[in-house]
Number of protein chains: 2
Amino acid sequence: MKARYEARARVIKALAHPSRLFIVDELSRGEKCVCELTEKIGSDISTVSKHLSVLKAAGLIQDKKCGTQIYYRLRKPCIMEFFACIELVIESTAREQLELVELEVSDQNKVL
Amino acid sequence: MKARYEARARVIKALAHPSRLFIVDELSRGEKCVCELTEKIGSDISTVSKHLSVLKAAGLIQDKKCGTQIYYRLRKPCIMEFFACIELVIESTAREQLELVELEVSDQNKVL
DNA sequence: TGGCTATTTGGTAATATTGCCAACTATAAG
DNA sequence: CTTATAGTTGGCAATATTACCAAATAGCCA
């Protein structure tokens, strides 16, 4: 049973980086080569290449050689549905924090 | 735009650990206190407490004090749907690896 | 109050991740 | 063959994560 959580963690860890999330988002709209992604991300090409290899090792993307270029694409587009839930978490957390701040302010007003 | 990917990465990073995935799975079946989770996980209670604080900071879980115990629960159960897709990625990757190995074996048989 | 249980926090050593540079491989074109 | 382009790999320093122990905090009960 523990092995299952480790396997899941490996895949999720591969997603847990802003550049890699950007890559996944880009690939969800069609395949792209390393140079295209590198230009959009703005990091060194070797950095982008390593991010791609992390995603590939996790089974999230696959590549296809085309002459001198290598095109990557998403292997399971269902990943994208997940981001809607992540956004929900982010939004509701932000809303809650706001309420906490507002509560503090109104408490302070009572004291004054 | 970059900030959005960073925010997503923070939440996903909070999920990217076997023990924390286990915790999320447990909490999906109802709230649990730290001691219950600690017993199931088998790590030091301080370790479990820190995992819980990571999940809480990410907005994934929330706590409720009940006497001397603290009960945690999932804030957005939609997270669970995501794991089905992760399992799909894991399974299809495993299947692909198997095919690769089988291919290698049959190639070797041709050579012999 | 003092002790008991549940939990968090601080400190720290081991380990993992990240990003860049430089060097390397592979393919295409002249 | 030489050069240029696309991409990967090795190495390394900076940074982050992890897990444990020890100490602190909080609520309950005698």
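Per chain, numbering begins at 1; letters A, B, ... match sequence-line order.
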Reading DNA chain C from 5' onward, which residue's closest nucleotide shows up sooner: A/T68 or A/A16?
A/A16
The residue, A/G42 or A/K65, whose nearest nucleotide of DNA chain C is more 5′ is A/G42
Nearest of [options] to any side-chain atom of [X]?
X     : options               : answer
A/S46 : C/dC20, D/dG7, C/dT8  : C/dC20
B/H51 : D/dT8, D/dA19, C/dT18 : D/dA19
A/D44 : C/dC20, D/dG7, C/dT9  : C/dC20
B/Q69 : D/dC20, D/dT8, C/dA6  : C/dA6

Any Lys/Arg nitrogen of [X] or [Y] sitting under 4.0 Å from an Asp/Glu carboxylate oxygen of the other?
X     : Y     : answer
A/E6  : A/K13 : no
A/E81 : A/K76 : no
B/E91 : B/R95 : yes

Residue closer to the 5' end of DNA chain D, A/K50 versus A/Y71 (nearest nucleotide):
A/Y71
Short side-chain N/O contact from [X] to OP1 or OP2 of [N], under 4.0 Å:
X     : N      : result
A/S49 : D/dT8  : yes
B/S43 : D/dA19 : no
B/Y72 : C/dT8  : yes

Evaluate the criterion salt bridge (charged side-chain N to carboxylate O under 4.0 Å, His left out) for residue pair B/E26 and B/R73; output intermediate values, then yes/no.
CA-CA 9 Å; B/E26 281 297 312; B/R73 68 183 186 80; over 6 Å; no
Find the distance [X]:[atom1] to [N]:[atom2] and express it as a whole number of Å.
X     : N      : atom1 : atom2 : value
A/I23 : C/dT18 : CD1   : P     : 12 Å
A/E6  : D/dT18 : CD    : C1'   : 14 Å
B/I61 : C/dT8  : CD1   : P     : 9 Å
B/L52 : C/dT8  : CG    : C1'   : 11 Å
A/I70 : D/dT9  : CD1   : C1'   : 13 Å

Parallel under 30°, tilted from 30 to 60°, perpendicular over 60°: which one fits the rings of B/Y5 and A/F22?
perpendicular
